[in-house]
Amino acid sequence: MNNYLLKWSCNEKHAYKTGISKDHSRLLENRFGRTSKFYHPGYDLFAIEELASVYCSSESYSLARAAAFGMEHVFRAFCPKDFQLEEYFDLPSGTLDGMGGITEFFLLPDYLTEERLIEIFNRANNNVWQLNKKLKSYHGTVSAEMNF
């Protein structure tokens, strides 16, 4: 599972988005492109840039997904969403209605820079082998599979 960090720009303003995807090689095209099953016309209003990602893997989909959710929870706790997208980007009300992932957007808190956030993701990605190793040790265990 891929935990990604994206920068969305519109009307000379920027916001960030974290999320989870099975795709990690062509994320922007497959998740936010016009041919994506998730496509929303609101995506075309933004310049979307992939800044960083952390890819964890396991033979067990449920274990990899649980690990990715754990990472996403930490990222969201670190950078919570506390603004309205349409208002912030000066878009007409209702423009982004029905667009998925709205709660995963955030603005950088005063104590954090974009460079530092990218560094945190990169450091997590450099150490993800430890998580993957731990996930491999849990694969197939009754207690791990029952909990997920």
Side-chain angles (χ1 to χ4, degrees), residues 1-109 112-136 138-140 144-145 148:
M1 297 301 295
N2 185 34
N3 286 86
Y4 56 81
L5 172 64
L6 305 177
K7 181 177 184 178
W8 292 56
S9 302
C10 177
N11 295 330
E12 299 183 24
K13 295 181 179 181
H14 312 285
Y16 300 84
K17 179 181 186 322
T18 60
I20 297 173
S21 173
K22 290 184 272 184
D23 198 335
H24 67 285
S25 60
R26 296 173 39 194
L27 173 70
L28 293 179
E29 179 182 332
N30 292 341
R31 177 62 180 89
F32 302 103
R34 286 183 173 262
T35 59
S36 168
K37 67 180 178 180
F38 305 107
Y39 177 75
H40 184 280
Y43 295 163
D44 292 337
L45 301 172
F46 296 90
I48 307 170
E49 180 183 358
E50 185 175 2
L51 299 179
S53 63
V54 180
Y55 187 74
C56 64
S57 62
S58 173
E59 295 170 5
S60 167
Y61 174 80
S62 59
L63 287 174
R65 187 133 175 99
F69 273 126
M71 281 188 276
E72 184 179 39
H73 177 74
V74 170
F75 296 141
R76 285 189 189 172
F78 199 66
C79 300
K81 179 182 182 276
D82 59 355
F83 71 106
Q84 298 298 318
L85 281 173
E86 292 168 341
E87 183 180 315
Y88 175 74
F89 284 114
D90 299 320
L91 298 172
S93 182
T95 302
L96 303 179
D97 284 358
M99 187 171 95
I102 295 233
T103 60
E104 299 164 349
F105 280 86
F106 62 92
L107 302 175
L108 285 178
L112 189 62
T113 65
E114 179 180 298
E115 292 77 21
R116 183 73 172 128
L117 186 58
I118 293 169
E119 181 185 320
I120 291 167
F121 265 78
N122 288 338
R123 204 169 358 167
N125 193 51
N126 290 340
N127 294 319
V128 77
W129 65 270
Q130 294 169 329
L131 174 61
N132 291 338
K133 185 176 176 182
K134 185 60 85 174
L135 291 175
K136 187 172 186 157
Y138 288 141
H139 179 69
E145 296 296 328
F148 300 113

- How long is the gap from CD1 on I48 to SG on C10, to the nearest 0.5 Å? 10.5 Å
- Message: Taking L96's backbone N and O only, do any of them form a donor-acceptor pair with E86's side chain (distance below 3.5 Å, no angle check)?
- Response: yes
- Message: Which residue is it: L112, L51, T18? I am looking for the one with a side-chain contact (heavy atoms from CB on, under 4.5 Å) to L117.
- Response: L112
- With sequence neighbours excluded, residues passing salt bridge (charged side-chain N to carboxylate O under 4.0 Å, His left out) with D82: none
- With K81, which residues qualify under side-chain hydrogen bond (donor to acceptor under 3.5 Å, both in side chains), at least two apart? none
- Sequence neighbours excluded, which residues qualify as salt bridge (charged side-chain N to carboxylate O under 4.0 Å, His left out) partners of E29? R26
- Item | Shortest non-hydrogen contact from R31 toward S36 | O-OG, 3.1 Å
- Message: Nearest 0.5 angstrom please: N122 CG to L5 CG, how far?
- Response: 9.5 Å
- Message: Does atom CD (Q84) have a neighbourhood of more than 12 heavy atoms from anything else shown, all under 6.0 Å?
- Response: no
- Query: About how many Å separate OG1 of T113 and CD of E119, when rounded to the nearest 0.5 Å?
  - Reply: 8.0 Å
- Task: Specify the closest pair of heavy atoms between N125 and Y55, including all atoms of both residues, with the distance to one decimal.
- Result: OD1-N, 3.5 Å
- Query: Hey, does L108 have a side-chain heavy atom less than 4.5 Å from the side chain of R116?
  - Reply: no
- So ring pair (Phe, Tyr, Trp, His ring centres under 6.0 Å) across residues 82-102, not counting sequence neighbours, yields F46-F89, F83-Y88
- May I ask you to test the L85-W8 pair for a side-chain heavy-atom distance under 4.5 Å? no
- Do the non-hydrogen side-chain atoms of L6 and L27 ever get within less than 4.5 Å of each other? yes
- Message: Taking the ring centre of each residue, are F75 and F121 less than 6.0 Å apart?
- Response: yes
- Message: Are more than 12 heavy atoms, taken from residues, nucleotides or ligands other than Q130, located less than 6.0 Å from that residue's CD atom?
- Response: yes
- Task: Enter the distance from K17:NZ to I102:CD1 here, rounded to the nearest 0.5 Å.
- Result: 9.5 Å
- Minimum heavy-atom distance P41-Y39, with the two atoms named: CA-OH, 3.6 Å
- Message: Once rounded to the nearest 0.5 Å, what's the spacing between atom CD of E49 and atom NZ of K7?
- Response: 6.0 Å
- Task: Return the set of residues passing salt bridge (charged side-chain N to carboxylate O under 4.0 Å, His left out) with E72 (not counting sequence neighbours), or none when no residue passes.
- Result: R76
- Sub-3.5 Å donor-acceptor pair from the side chain of S53 to the main-chain atoms of Y4, do we have one? no
- Item | Contacts of type salt bridge (charged side-chain N to carboxylate O under 4.0 Å, His left out), residue K22, not counting sequence neighbours | none
- Item | Shortest non-hydrogen separation from C56 to A68 and the atoms involved | SG-N, 4.1 Å
- Query: Okay, side chain of H40, backbone of D97: is any donor-acceptor separation there less than 3.5 Å?
  - Reply: yes
